[in-house]
Amino acid sequence: MKSENEQMIQQIMDTDTMGYACVHDSGSSKREEYLVALTAENLANLIGGKSGKARQITVTDVLDRLVADSRMGTLGSCPDQRLCGEINQFRALIQRGEKGAGEILAVSRDAADEYFAAEGNAGILAEYQMLFFIYSISKR
């Protein structure tokens, strides 16, 4: 595995939010999958940075629950209204040209799978998913 992928995965994990993004190309039926940080700023950068090339972006958490859905650069479904508002604040700056889309904390799904499949790392993902599950239950 490339060290830049390992470093990016560490940056994503350092945000304490992690999920998956599926980006559907606007010119074909091709799609790309990524492990991403689920911070509002990162999701705004993802939507803003890929809006010209993506027909649809679907983001889920590690338990495959919808976080956000974007079509043609417009934020659609976003069950967490607080998060939706924060994403839109960052997106507005990008859309008005006051700020460019920043670095997207993302790594290909294949690279992430390779990382977590490595000896000792599979347990990290399992622990993270369990902690996230416990956290989500406690918030109800």
Side-chain angles (χ1 to χ4, degrees):
M1 165 164 286
K2 295 180 182 177
S3 66
E4 59 264 15
N5 286 339
E6 289 180 15
Q7 291 172 354
M8 180 58 73
I9 290 169
Q10 287 301 319
Q11 282 183 273
I12 292 167
M13 290 174 58
D14 287 347
T15 68
D16 293 329
T17 63
M18 185 166 62
Y20 298 103
C22 184
V23 179
H24 298 269
D25 187 51
S26 61
S28 68
S29 61
K30 180 181 161 190
R31 73 179 198 180
E32 298 172 341
E33 294 184 20
Y34 300 94
L35 174 73
V36 297
L38 297 180
T39 64
E41 183 173 15
N42 194 57
L43 295 177
N45 288 336
L46 175 69
I47 294 167
K50 300 231 180 236
S51 65
K53 302 172 217 162
R55 143 176 76 80
Q56 179 179 358
I57 300 172
T58 303
V59 181
T60 62
D61 63 21
V62 292
L63 298 175
D64 204 28
R65 296 179 296 196
L66 181 65
V67 172
D69 185 58
S70 170
R71 294 185 194 292
M72 303 302 285
T74 302
L75 189 60
S77 300
C78 186
D80 181 341
Q81 292 302 300
R82 182 193 54 77
L83 177 63
C84 185
E86 291 174 11
I87 293 170
N88 280 329
Q89 287 177 348
F90 287 110
R91 280 187 56 250
L93 296 173
I94 295 168
Q95 287 179 327
R96 289 192 305 254
E98 295 175 20
K99 168 184 180 298
E103 177 186 22
I104 302 169
L105 298 180
V107 66
S108 76
R109 177 78 183 252
D110 291 339
D113 288 348
E114 180 183 338
Y115 176 82
F116 290 117
E119 186 177 340
N121 289 331
I124 293 171
L125 181 58
E127 285 180 34
Y128 185 84
Q129 288 174 325
M130 181 59 77
L131 289 172
F132 186 82
F133 178 72
I134 292 168
Y135 174 75
S136 66
I137 289 174
S138 69
K139 294 210 45 142
R140 292 182 185 175

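Under the 4.5 Å side-chain criterion, counting only non-hydrogen atoms from C-beta, Arg55 is in contact with Met72. Counting heavy atoms from C-beta outward, Tyr34 and Val107 have side chains that stay 4.5 Å or more apart. Proximity of Ile104 to Asn42: side-chain heavy atoms (C-beta onward) are separated by under 4.5 Å at one or more points. Between Asn45 and Glu103 the shortest side-chain heavy-atom distance does not fall below 4.5 Å. Using a 4.5 Å heavy-atom threshold, the side chains of Tyr115 and Asn5 count as separate. Counting heavy atoms from C-beta on, the side chains of Val67 and Leu43 come closer than 4.5 Å.
Side-chain polar atoms of Asp69 and Gln56 form a donor-acceptor pair below 3.5 angstrom.
Put simply, SG on Cys78 and CG on Leu66 are 7.5 Å apart, with the number rounded to the nearest 0.5 Å. The CD atom of Glu41 sits 11.5 Å away from the CD1 atom of Ile87 when rounded to the nearest 0.5 Å. A distance of 12.0 Å separates CG in Leu105 from CD1 in Ile9, rounded to the nearest 0.5 Å. Interatomic distance, CG of Leu46 versus CZ of Arg91, reported as 11.0 Å (0.5 Å rounding). Here CG of Asp110 is found 10.5 Å from CD of Glu32. Values are rounded to the nearest 0.5 Å. Considering CD of Glu4 and CD of Gln11, their distance stands at 11.5 Å, rounded to 0.5 Å.
By the rule that hydrophobic residues join a cluster once side-chain heavy atoms approach within less than 4.5 Å of another member, Val59 and Leu75 end up as members of one cluster. Cluster annotation: Phe116 is connected to Ile12 through the hydrophobic network of ILVMFWY side chains, with a link wherever side-chain heavy atoms come within less than 4.5 Å. One hydrophobic cluster, built from ILVMFWY side chains closer than 4.5 Å, holds both Tyr20 and Met8.
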Using the side chain to side chain contact (heavy atoms under 4.5 Å, CB included) rule, take Thr15 and Leu38 through it: C-alpha gap first, then chi angles, then the decisive distance, then the call. CA-CA 8 Å; Thr15 68; Leu38 297 180; over 6 Å; no
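Between Phe90 and Ala40, the shortest heavy-atom contact is CD1-C, 3.9 Å.
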